[in-house]
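The structure appears right after this line, and notes come after that.
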Amino acid sequence: MKRSWNWAVWTGASLVFLGVVSYPLFFVRFPGLRDFPWANLPMIALGLVLLALGLVRAFRHPDLCRGQIFGSVLAMLALAFSGFFLYGIFIGARHVLPASHDAPRVGQTAPDFTLPDSQNHPVSLTGALNSPFTPESATSAEKGGAQAAGAVLIFYRGYW
Amino acid sequence: MIAISVDSPADSESLRRSQGYTFPILSDAHEDVIRRWDLVHVHGRPDGADISRPAEFLIDSSGKVRWVNLTEDFVVRARPEEALAAFDAMNKSSHSGE
C-alpha cells in the first residue's frame with residue numbers, strides 16, 4: 001500500500017516559516033502588530049501544532065503515512081526558527097538599548113547642535129526653532145507665519 | 001519635525017526621496033550629537049557599528065524639552081498620536097500663559 005503524503009508536517013512547517021518571515025516583511029508596518037506580534041504568534045503556534053500532529057501520525061502509522069525523517073528534520077528547523085524569532089522579539093529587542101540616563105529630560109534645556117541635512121546644508125536646533133522649516137507644500141500664509149511652536153526630534157536607528 | 005541618524009546625507013537623501021518626506025533628515029555620522037544626548041547604542045547595527053537608539057523629543061520654542069520618549073523595546077516606538085498629544089498639551093499650556 002502506498003503511503004500517503006504527510007500534509008500536516010509540510011503545512012505546519014510552512015506556517016512556522018511564514019509566521020516568522022511575515023513579521024519583518026509585512027506586519028512590522030502596522031504599529032499594533034509590530035509592538036506585539038499578534039498576527040505572527042498564532043501562525044507559529046498553529047504551525048507547531050500541525051507539525052506535532054503530523055509527526056505523531058508518521059511515527060504511529062509508518063505504514064500509512066510518510067514523514068518520519070522529513071518530519072523530524074522540519075520540526076527541528078521550525079523549532080529553531082521560531083525560537084530564534086521569539087528570542088529576538090521578547091528578549092533581544094528589550095535588553096540591548098542603553099539606559100540613556102543623561103539624555104535631556106522634560107523641563108531641561110535641549111543642548112543645541114548643528115548637523116548637515118540630506119543636502120549637506122547645516123541645520124541647527126535653535127535655527128529650526130527660530131525660523132521654522134516650511135515645506136514646499138505650505139501655503140503663503142503658513143510660510144509667512146510666526147516662529148515655530150516647537151520641534152519634534154526623532155532619533156532613529158538608520159536604514160541599512 | 002527633524003529626524004536624526006548616523007546615516008550619511010546621501011543615504012538620508014535617498015530615503016527622503018523614496019518616501020517623499022518633506023522634513024529635514026540630519027546626518028550625525030560621527031555620533032557627536034547622539035553621544036552628547038546620551039543616545040548611543042553601542043554596536044547597535046548588525047555590522048557592529050554604533051548607532052542611535054530610537055528616541056523622540058518635543059522641544060518648545062524656548063528650547064526646553066516638553067516630552068521625551070525613550071523606548072525600552074526597539075520594536076515599540078512612539079505613535080504619531082503620542083507626539084501630537086504632547087504638542088497639544090504644550091500649546092494649551094503656552095496659551096494659558098504658563
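So that the names make sense, note that chain A is the first sequence line, chain B the second, and so on, each numbered from 1.
By the 6.0 Å contact criterion, CZ on A:Phe59 is enclosed, its count of non-hydrogen atoms from other residues, nucleotides or ligands being greater than 12. Atom CD of A:Gln68 is surrounded by more than 12 heavy atoms from other residues, nucleotides or ligands within 6.0 Å. By the neighbour-count criterion of 12 heavy atoms within 6.0 Å, atom CZ of A:Arg34 is densely surrounded, having more than that number from other residues, nucleotides or ligands. In this structure, A:Ile91 places its CD1 atom where more than 12 heavy-atom neighbours from other residues, nucleotides or ligands lie under 6.0 Å away. Annotation for A:Phe90: atom CZ counts as buried by contact number, over 12 foreign heavy atoms lying within 6.0 Å. Enclosure of atom CZ in A:Arg105 is not indicated, since only 12 or fewer non-hydrogen atoms of other residues, nucleotides or ligands lie within 6.0 angstrom.
Partners of B:Arg17 under the side-chain hydrogen bond (donor to acceptor under 3.5 Å, both in side chains) rule, at least two apart in sequence or in another chain, are B:Glu13.
Criterion: ILVMFWY side-chain heavy atoms under 4.5 Å apart, direct or through other members. Under it, B:Val42 and B:Leu39 are part of a common hydrophobic cluster. Note on A:Leu77 and A:Leu86: separate hydrophobic clusters, where clusters join Ile, Leu, Val, Met, Phe, Trp and Tyr whose side-chain heavy atoms are under 4.5 Å apart, directly or indirectly.
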Requested in this report: Decide yes or no on side-chain contact (heavy atoms from CB on, under 4.5 Å) for A:Leu115 and A:Val123, but give the supporting numbers first.
Outcome: CA-CA 5 Å; A:Leu115 287 172; A:Val123 173; over 6 Å; no
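By a heavy-atom distance cut of under 4.5 Å, not one residue of residues 39-58 of chain A is near chain B. Of residues 13-27 of chain A, those residues with a non-hydrogen atom less than 4.5 Å from any non-hydrogen atom of chain B are, in numerical order, A:Tyr23. Chain B is approached within less than 4.5 Å, heavy atom to heavy atom, by A:Val96, A:Leu97, A:Pro98, A:Ser100, A:His101, A:Asp102, A:Ala103 from residues 95-103 of chain A, ordered by number.
Per-residue heavy-atom pair counts under 4.5 Å with chain A were compared for B:Val6, B:Val68, B:Val33, B:Asp28, and the maximum is reached by B:Val33. Note: B:His41 leads B:Arg36, B:His41, B:Arg16, B:Glu56 in heavy-atom pairs under 4.5 Å with chain A.
The contact between B:Leu58 and chain A is made by backbone and side chain atoms together, counting heavy-atom distances below 4.5 Å.
We find the CD1-OG distance between B:Ile25 and B:Ser14 to be 9.0 Å, quoted to the nearest 0.5 Å.
Inspection of the A:Asp112 and A:Thr126 side chains reveals an N or O donor paired with an N or O acceptor under 3.5 Å. A side-chain donor from one of B:Ser62 and B:Asp60 sits under 3.5 Å from a side-chain acceptor of the other.
In summary, B:Arg79 and A:Asp35 engage in a salt bridge, as defined by a charged side-chain N under 4.0 Å from a carboxylate O.
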